[in-house]
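So the structure is just underneath, and the comments pick up after that.
Computed from heavy atoms alone, side chains included, the values below leave out hydrogens, waters and symmetry copies.
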Amino acid sequence: MVKAVVCGAAGGIGQPLSLLLKLNPIITELALYDVVNAVGVAADLSHIPTPAQVTGYLPPDNGAEKALKGADIVVIPAGVPRKPGMTRDDLFVNAGICATLAQAIANAAPKAFILVISNPVNSTVPVFAETLKKAGVFDPKRLLGVSHLDVIRASTFVASVLGKPTKAQEYSIPVVGGHSGATILPLLSQTKPAIPEILSDKEKRDALVNRIQFGGDEVVKAKDGAGSATLSMAQAGAEFANYVIDAAFGGKKGKVVQSYINLSADAGGEAIKKEIGADLDYFSVNIELGPNGIDKILPIGQLDDVEKGLLEAAVKELGPSIEKGNTFQPAPPKL
């Protein structure tokens with residue numbers, strides 16, 4: 001019996017994400033919350049014959065907390081999407097929405113796993129953490145920033161560069177750092193199977209790294225004002241949520257993923273700070289999932305000279321983004 005909640009369920013990411021979660025046989029209850037249309041989306045999904053029973057909630061009558069009550073996992077794509085010319089950092093307007101949802105989670109589902117998709121993730125995850133701390137319910141093991149889209153893109157783009165686009169799922173590339181531009185650090189030297197033909201070609205490698213870092217811009221431009229990366233983000237969010245559900249409720253052990261987390265979640269966080277040479281509170285790192293969320297924080301591992309330079313740039317940009325989230329003072333809108 002697993003209850004999943006999607007906050008922002010009627011949006012461009014929320015609808016396909018809710019559909020994909022409806023298809024997970026482990027989920028028996030799926031609650032959808034949004035400021036508009038959540039009831040209609042729930043009615044639509046409820047016609048699909050899977051175990052998850054779907055309900056929709058709107059703001060009146062404390063709808064957010066009603067949706068969240070008893071939640072095991074909450075996935076949050078809520079907020080304003082990017083438009084052409086905007087960076088993820090321009091979406092800090094979403095911080096108020098995140099603070100309000102964090103408070104609702106603290107009130108109604110303090111033990112839930114919280115998966116944050118709302119951009120800018122580098123700042124919104126700290127907003128969630130600070131709100132939960134003030135409510136006295138912060139558990140760093142259960143707060144996970146979803147940077148998984150960068151991992152999916154890396155596999156897809158590497159296979160494309162190699163001329164093997166149909167083999168994308170065979171390539172595993174860890175992506176650490178953050179979830180915006182230069183903070184995204186694809187560890188191409190750790191790719192499995194190895195890709196020496198890319199690593200030895202500077203022009204090809206630089207272009208690949210840039211595409212992984214700024215792949216979202218590619219989609220925003222292609223949609224020409226009609227949205228951002230919604231379908232690929234929904235797939236990445238659902239896949240990541242399923243990994244967490246499998247580890248926490250399905251008894252599956254040893255799954256290693258990358259997620260943007262508070263480094264206090266495990267003793268391995270102090271080792272990460274030494275690896276990156278900076279005392280940052282947050283970083284996207286290799287984690288092993290378990291029944292309580294983050295079971296272990298694993299080392300970043302050996303970097304080549306190119307990646308050391310990229311790491312330095314990522315750390316420099318991440319610091320101010322984290323501080324922005326840590327110091328945000330919300331005047332939350334009414335839910």
Side-chain angles (χ1 to χ4, degrees), residues 87-89 119-122 145-165 167-221 229 232 236 256-261 263 268-288 297-322:
T87 66
R88 285 193 181 93
D89 201 48
N119 274 315
V121 167
N122 294 350
V146 182
S147 55
H148 193 60
L149 179 53
D150 303 322
V151 177
I152 284 176
R153 283 181 174 141
S155 297
T156 303
F157 298 164
V158 161
S160 178
V161 170
L162 292 172
K164 301 175 182 177
K167 305 287 187 183
Q169 289 181 308
E170 296 179 12
Y171 290 91
S172 172
I173 302 101
V175 183
V176 301
H179 182 55
S180 176
T183 70
I184 297 169
L185 173 51
L187 302 181
L188 297 177
S189 69
Q190 296 182 22
T191 300
K192 294 178 182 176
I195 49 171
E197 57 271 66
I198 292 177
L199 298 179
S200 61
D201 187 326
K202 183 180 184 305
E203 186 177 342
K204 194 176 286 185
R205 179 175 184 169
D206 288 350
L208 176 59
V209 168
N210 184 265
R211 193 178 180 206
I212 294 167
Q213 290 180 328
F214 297 97
D217 295 355
E218 189 178 304
V219 179
V220 170
K221 183 178 178 183
S232 52
V256 175
V257 295
Q258 291 87 49
S259 178
Y260 183 74
I261 63 165
L263 293 176
E270 289 304 313
I272 295 292
K273 292 180 183 182
K274 290 177 183 174
E275 281 189 286
I276 66 177
D279 189 22
L280 296 180
D281 294 332
Y282 296 86
F283 209 75
S284 186
V285 290
N286 300 303
I287 58 170
E288 185 175 315
I297 295 177
L298 304 172
I300 293 170
Q302 189 67 38
L303 306 183
D304 65 16
D305 289 341
V306 173
E307 289 158 355
K308 287 175 184 175
L310 292 170
L311 173 62
E312 190 175 329
V315 167
K316 185 177 179 181
E317 193 170 307
L318 261 179
S321 296
I322 294 168

> If you round to the nearest 0.5 Å, how far is NZ of K308 from CD1 of I276?
Replying inline: 15.0 Å
> Looking only at heavy atoms, what is the nearest atom pair of I272 and P299, with distance?
Replying inline: CD1-CA, 4.2 Å
>> What I'd like to find out is whether the side chain of L280 reaches to under 4.5 Å of the side chain of K273, using heavy atoms alone.
In response: no
>> Would V257 and I287 count as a side chain to side chain contact (heavy atoms under 4.5 Å, CB included) here? Give the steps.
In response: CA-CA 6 Å; V257 295; I287 58 170; 3.7 Å; yes
> If every non-hydrogen atom of I184 is compared with every non-hydrogen atom of Q213, which pair is closest and at what distance?
Replying inline: O-NE2, 2.9 Å
>> Counting C-beta onward and ignoring hydrogens, is there a side-chain heavy-atom pair between N286 and P174 closer than 4.5 Å?
In response: yes
>> How close do R205 and I198 get, counting heavy atoms only, and between which atoms?
In response: CB-O, 3.6 Å
> Given side chains that start at C-beta, do those of S284 and V175 come closer than 4.5 Å, heavy atoms only?
Replying inline: no
>> Counting C-beta onward and ignoring hydrogens, is there a side-chain heavy-atom pair between S180 and P120 closer than 4.5 Å?
In response: no
> Between Q302 and S189, what is the shortest heavy-atom contact and its length?
Replying inline: O-OG, 4.0 Å
> Under 4.5 Å between any side-chain heavy atoms of D150 and P186, yes or no?
Replying inline: no
> Would D217 and K221 pass as an ion pair if we require N to O under 4.0 Å?
Replying inline: no
> So does K167 have more than 12 non-hydrogen atoms from other groups sitting under 6.0 Å from NZ?
Replying inline: no
> Within a reach of under 6.0 Å around CD of E312, are more than 12 heavy atoms found that belong to other residues, nucleotides or ligands?
Replying inline: no
> Any donor-acceptor pair under 3.5 Å linking the side chain of S160 with the backbone of P165?
Replying inline: no
> Is the backbone of G301 close enough, under 3.5 Å, to the side chain of E275 for a donor and an acceptor to pair up by distance?
Replying inline: yes
>> Please evaluate residues V146 and V121 with respect to the criterion side chain to side chain contact (heavy atoms under 4.5 Å, CB included), reporting the C-alpha separation (whole Å), side-chain torsions for both, the decisive distance (0.1 Å), and the verdict.
In response: CA-CA 8 Å; V146 182; V121 167; over 6 Å; no
>> For a quick test of reading the model, state the closest non-hydrogen atom pair linking S147 to G178 and the distance between them.
In response: CB-O, 4.5 Å
>> Please report the interatomic distance CG(D281) to CG(L318), rounded to the nearest 0.5 Å.
In response: 11.0 Å
> What pair of heavy atoms forms the shortest contact from V315 to A278, and how long is it?
Replying inline: CG1-CB, 3.5 Å
> N122 versus I322: any side-chain heavy-atom pair under 4.5 Å?
Replying inline: no
> Quick one: does Q190's side chain have a donor or acceptor within less than 3.5 Å of a partner on I300's backbone?
Replying inline: yes
> With respect to V176, which candidate in V151, L303, T183, L187 satisfies the side-chain contact (heavy atoms from CB on, under 4.5 Å) definition?
Replying inline: L187
>> For a 4.5 angstrom cut-off between non-hydrogen side-chain atoms, does L188 reach T191?
In response: yes
> Y260 versus H179: any side-chain heavy-atom pair under 4.5 Å?
Replying inline: no
> In Å and rounded to the nearest 0.5 Å, what is the CG to CD1 distance from L208 to I173?
Replying inline: 8.0 Å
